[in-house]
Amino acid sequence: MSHSATPRVTRPRTVLAMSGETRAAILVPEALDRLARVADLDPRLLVTDFGADDPAQRTGLHEAEVLFTGWGCPPLDPAALSAMPRLRAVVHAAGSVKHHITQDVWDRGIAVSTAATANAFPVAEYTVAAILFANKNILESARVYREARSRVNLLERFPGVGNYRRTVGIVGASRIGRRVVELLRPYDLRVLVHDPYLGEEDARTLGVERTELDTLAAESDVVTIHAPELPATRHLFDAPRLALMRDGATLVNTARGSLVDTEALVKEAATGRLNAVLDHTEPEVLPADSPLYDLPNVLLTPHIAGSQGGELHRLADAAVDELERYAHGLPFAHAVDPRTLHQQA
């Protein structure tokens, strides 16, 4: 009589590597307790510099099988990896791994997981809120009401507002872009998507229209950007492409600021022709004299779309879920594929 093999269950030796601020925000006592149940962990050891002259750190890293990382983790370069001969996996309790995962990690065959899917949820929620508010012309109508302080003739002032059968253009079928598509399904909207890696069959499955970027820019009432930051995507929305957008259209950017030519956007927005909702800009913090702070048709937020406050607990839960899978001998549910990493944020 044969018996099916049962997965191994271990408590892998795990070391925390992130900034102190990140640890305090993400690993609240409940999350830390759960992590300690899954892993063999010294909660007092926090690595912020792999080269630090600390005997306890050297011992911890030498024995580490898993690194549990977050924002502020230093790069895993050859010098850092040489201190971790037993390292087999990196579990990242945040989104992009490009800041600390190097080619040396892949060369050593180390498995990497990310909580990017969990981090996509709040960004997508912010985006959907921006889309729905943009189509209702909330910024302008609030300004008019504030100035009038009396009844506003809506049919006269805002004859074209509303979300019914409006067109939304999504740039990038990324985790966030796909989540936005999912959240928009209950609404009566036409959804266009541009992504060079999105196939026709995949587009049909998503229920969207695949289109060229210039067509998307010209036909959308709201354009929302979810593409990665690459040399090819720098200033993806430059002056000529912004000029293609409809009068009164709104540009939403929760991706990287470099995807939009800030100077060109300022010129368009200053005329009142285009509206913008910007959670990322180039530079990341705009100069104090930037017109974007004060233009009435621009909503500028301080990089708040991603996981913040209580949403950070979702990142910790997702990362501990991955570590638990590893402890049971299972593959990561959200493994990073180095072959497609260049397509991601």
Side-chain angles (χ1 to χ4, degrees), residues 123 126-149 152-163 166-172 180 192 194 212-227 229 231-306:
V123 182
Y126 174 108
T127 300
V128 170
I131 291 167
L132 299 178
F133 263 38
N135 281 332
K136 289 290 281 189
N137 211 347
I138 292 298
L139 287 178
E140 175 67 7
S141 62
R143 183 189 65 78
V144 168
Y145 194 25
R146 183 171 58 250
E147 292 176 355
R149 299 177 189 261
V152 175
N153 187 326
L154 298 178
L155 291 177
E156 178 183 308
R157 293 299 300 267
F158 306 104
V161 302
N163 282 284
R166 301 298 284 273
T167 299
V168 175
I170 297 175
V171 182
V180 171
L192 308 179
H194 170 77
E212 294 300 317
L213 186 54
D214 284 352
T215 302
L216 180 149
E219 296 187 6
S220 298
D221 298 291
V222 180
V223 172
T224 177
I225 303 175
H226 305 290
E229 184 177 43
T233 60
R234 177 169 177 77
H235 289 184
L236 195 64
F237 277 79
D238 54 10
R241 188 155 284 133
L242 290 170
L244 293 175
M245 293 178 64
R246 294 176 172 179
D247 290 355
T250 299
L251 180 70
V252 180
N253 189 12
T254 57
R256 295 289 184 259
S258 67
L259 275 69
V260 177
D261 182 337
T262 302
E263 184 178 348
L265 180 61
V266 167
K267 290 178 180 178
E268 285 282 8
T271 68
R273 195 184 76 80
L274 293 182
N275 308 307
V277 178
L278 307 172
D279 193 57
H280 282 264
T281 56
E282 185 184 47
E284 179 60 45
V285 177
L286 292 168
D289 60 354
S290 172
L292 292 175
Y293 286 112
D294 299 311
L295 286 172
N297 51 326
V298 174
L299 176 61
L300 197 62
T301 56
H303 200 159
I304 200 171

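Note that the structure is a prediction, hence the values are computed from the model and not measured.
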>> Test of understanding: with salt bridge (Lys or Arg N to Asp or Glu O under 4.0 Å), list the residues that count as partners of Arg246, not counting sequence neighbours.
In response: Asp221
> Taking only residues two or more places apart in sequence or in another chain, which ones pass side chain to side chain contact (heavy atoms under 4.5 Å, CB included) with Ala218?
Replying inline: none
>> For Glu212, give me all partners under side-chain hydrogen bond (donor to acceptor under 3.5 Å, both in side chains), at least two apart in sequence or on another chain.
In response: none
> Is a side-chain donor or acceptor of Asn297 paired with a backbone partner of Leu139 at a separation under 3.5 angstrom?
Replying inline: no
> Which of these, Val223, Val260, Val277, Thr127, sits in a side-chain contact (heavy atoms from CB on, under 4.5 Å) with Asn253?
Replying inline: Val260
> Which heavy atom of Gly248 sits nearest a heavy atom of Asn275, and at what distance?
Replying inline: O-ND2, 3.2 Å
> For Leu259 and Ala255, which heavy atoms make the closest approach, and how far apart are they?
Replying inline: CD2-CB, 4.4 Å
> Got a second to check how far Thr281's OG1 is from Leu265's CG, nearest 0.5 Å?
Replying inline: 10.0 Å
> Can you list every pair that meets ring-ring contact (aromatic ring centres under 6.0 Å, His included) and has a residue in residues 246-294, with sequence neighbours left out?
Replying inline: His280-His303
> Can Thr262 and Leu292 be said to form a side chain to side chain contact (heavy atoms under 4.5 Å, CB included), step by step?
Replying inline: CA-CA 9 Å; Thr262 302; Leu292 292 175; 4.1 Å; yes
> Taking only residues two or more places apart in sequence or in another chain, which ones pass side-chain hydrogen bond (donor to acceptor under 3.5 Å, both in side chains) with Asn163?
Replying inline: Asn135
> With a 4.5 Å heavy-atom cut-off, do Phe237 and Leu213 have their side chains touching?
Replying inline: yes
> So, for Arg166 and Gly160, which heavy atoms are closest and what is the spacing to 0.1 Å?
Replying inline: NH1-O, 2.9 Å
> If you look at every heavy atom in Val144 and Arg157, which pair is closest and at what distance?
Replying inline: CG2-NH2, 3.3 Å
> How long is the span from the CZ atom in Arg241 to the CG atom in Asp261, to the nearest 0.5 Å?
Replying inline: 12.0 Å
> How about Leu299 and Ile138: do any of their side-chain heavy atoms sit closer than 4.5 Å?
Replying inline: no
> Among all residues two or more places apart in sequence or in another chain, which pass the salt bridge (Lys or Arg N to Asp or Glu O under 4.0 Å) test with Lys136?
Replying inline: none
> What's the spacing between Arg256 CZ and Glu284 CD if we round to 0.5 Å?
Replying inline: 8.0 Å
> So, for Phe158 and Ser141, which heavy atoms are closest and what is the spacing to 0.1 Å?
Replying inline: CZ-CA, 3.4 Å
> Partners of Asp238 by side-chain hydrogen bond (donor to acceptor under 3.5 Å, both in side chains), sequence neighbours excluded?
Replying inline: none
> Just checking, is any N or O donor in the side chain of Asp279 or Thr254 under 3.5 Å from an acceptor N or O on the other one?
Replying inline: no
> Which atom pair, heavy atoms only, marks the closest approach of Val298 to Ala269?
Replying inline: CG2-CB, 4.0 Å
>> The test is side chain to side chain contact (heavy atoms under 4.5 Å, CB included); show your working for Leu286 and Leu300 and say whether it passes.
In response: CA-CA 10 Å; Leu286 292 168; Leu300 197 62; 3.7 Å; yes
> Tell me, which pairs form a ring-ring contact (aromatic ring centres under 6.0 Å, His included) where one or both residues lie in residues 247-276, sequence neighbours left out?
Replying inline: none
>> Is it true that, when you exclude Glu263 itself, more than 12 heavy atoms of the residues, nucleotides or ligands shown sit nearer than 6.0 Å to its CD?
In response: no
>> Restricting to side chain to side chain contact (heavy atoms under 4.5 Å, CB included), what partner residues turn up for Arg149, sequence neighbours left out?
In response: Arg146
>> Pair Leu251, Leu274 - check side chain to side chain contact (heavy atoms under 4.5 Å, CB included), show working.
In response: CA-CA 8 Å; Leu251 180 70; Leu274 293 182; 6.0 Å; no
> Around Phe133, counting heavy atoms of other residues, nucleotides and ligands shown, do more than 12 lie under 6.0 Å from its CZ?
Replying inline: no
>> Tell me every residue that passes salt bridge (Lys or Arg N to Asp or Glu O under 4.0 Å) with Glu156, counting only those two or more places apart in sequence or in another chain.
In response: none
>> For a side chain to side chain contact (heavy atoms under 4.5 Å, CB included) check, start with the C-alpha distance between Leu192 and Ser220, then their side-chain angles and the critical distance, and finish with the verdict.
In response: CA-CA 8 Å; Leu192 308 179; Ser220 298; 4.0 Å; yes
> What pairs with His235 under side-chain hydrogen bond (donor to acceptor under 3.5 Å, both in side chains), at least two apart in sequence or on another chain?
Replying inline: Glu282
>> Please identify which of these residues, Ile170, Val168, Leu244, Val171, meets the side-chain contact (heavy atoms from CB on, under 4.5 Å) condition with Leu216.
In response: Val171
> Is a donor on one side and an acceptor on the other found under 3.5 Å between the side chain of Ser290 and the backbone of Pro287?
Replying inline: no
> Does anything in residues 250-271 pair up under ring-ring contact (aromatic ring centres under 6.0 Å, His included), and if so which pairs, sequence neighbours excluded?
Replying inline: none
